[in-house]
Amino acid sequence: MSYIDGFVLPVPKDKLGEYRKMARLGGKVWREHGALAYVECVEDDVKPGKHTSFPQSVKLKKGEVVVFAWVVYKSRKDRDRVMKKVMSDPRLQMDPKKMPFDGKRMFWGGFKPIVEM
């Protein structure tokens, strides 16, 4: 089975174009280093919940949208190899203060699929 990295983050609506440009570069770099798929999605039908939700998870502020993204790899071992290369790729070295989103409210993790169809 494959291995998945998932990401959820808030992006200001007025910086969505800048974020999309960064995401396209990210996708190119991840794929060049061996990721099988790279997907970035912006909220479409996401509402606050009573106990938890995507907006609550990132402390969404007025004027922001939720982005949900994932990267697919052949395996956990391959993910670790790809991630090492991606994190050292000079094309993705950015000043955190100039990022088009608040990285402090982003969260991510690695996942082992239990069903793959």
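Each residue takes its place number in the sequence, starting with 1. For the numbers below, each heavy atom of this structure counts, side chains included, while hydrogens, waters and symmetry mates do not.
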Requested in this report: Just grab all the side chain to side chain donor-acceptor pair (under 3.5 Å) pairs involving residues 22-31, residues at least two apart or on different chains.
Outcome: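 Residue pairs passing side chain to side chain donor-acceptor pair (under 3.5 Å), neighbours aside: W30-Y73.
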**Report entry** Pairwise side chain to side chain donor-acceptor pair (under 3.5 Å) hits with a residue in residues 106-117, at least two apart
**Finding:**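 Residue pairs with at least one partner in residues 106-117: S2-E116.
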Got a second to check how far [X]'s [atom1] is from [Y]'s [atom2], nearest 0.5 Å?
X: S88; Y: H33; atom1: OG; atom2: NE2; result: 6.5 Å
X: L92; Y: M87; atom1: CG; atom2: CE; result: 7.0 Å
X: D5; Y: R76; atom1: CG; atom2: CZ; result: 8.5 Å
X: M106; Y: S57; atom1: CE; atom2: OG; result: 12.0 Å

Smallest separation among heavy atoms of [X] and [Y], with atom names:
X: L36; Y: K74; value: CD1-N, 3.7 Å
X: L60; Y: E43; value: CD2-OE1, 4.0 Å
X: A35; Y: V71; value: CB-CG1, 3.6 Å

**Report entry** Pair D102 + K104: basic N to acidic O under 4.0 Å
**Finding:**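 No, no charged N to carboxylate O under 4.0 Å.
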Name the atoms and distances for all side-chain donor-acceptor pairs under 3.5 Å in residues 49-56, with sequence neighbours left out.
unit_1 : atom_1 : unit_2 : atom_2 : d
S53    : OG     : G49    : N      : 3.3
S53    : OG     : Q56    : N      : 3.2
S53    : OG     : Q56    : OE1    : 2.7
Q56    : OE1    : G49    : N      : 3.0
Q56    : OE1    : S53    : N      : 3.3

Counting only pairs under 3.5 Å, give me each side-chain donor-acceptor contact of residues 7-22, with atom names and distances, residues two or more places apart or in other chains.
unit_1 : atom_1 : unit_2 : atom_2 : d
Y19    : OH     : E40    : OE1    : 2.6
Y19    : OH     : E40    : OE2    : 3.4

Requested in this report: Report yes if the side chains of K84 and V86 come closer than 4.5 Å at any heavy-atom pair, otherwise no.
Outcome: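 Side chain of K84 against side chain of V86, heavy atoms only: no contact under 4.5 Å found.
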Report task. Could you pull out all residues at least two apart from F107 that satisfy ring pair (Phe, Tyr, Trp, His ring centres under 6.0 Å)? Result ->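 In terms of ring pair (Phe, Tyr, Trp, His ring centres under 6.0 Å), with neighbours along the sequence ignored, F107 is linked to no residue.
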Report task. Give the cluster check for Y3 versus V72: same hydrophobic cluster or not, with ILVMFWY residues linked at side-chain heavy-atom distances below 4.5 Å. Result ->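 Different clusters.
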Report task. Using the test side chain to side chain contact (heavy atoms under 4.5 Å, CB included), find all partners of K59 that sit at least two apart in sequence or belong to another chain. Result ->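 For K59, the residues satisfying side chain to side chain contact (heavy atoms under 4.5 Å, CB included) (neighbours in sequence not counted) are R105.
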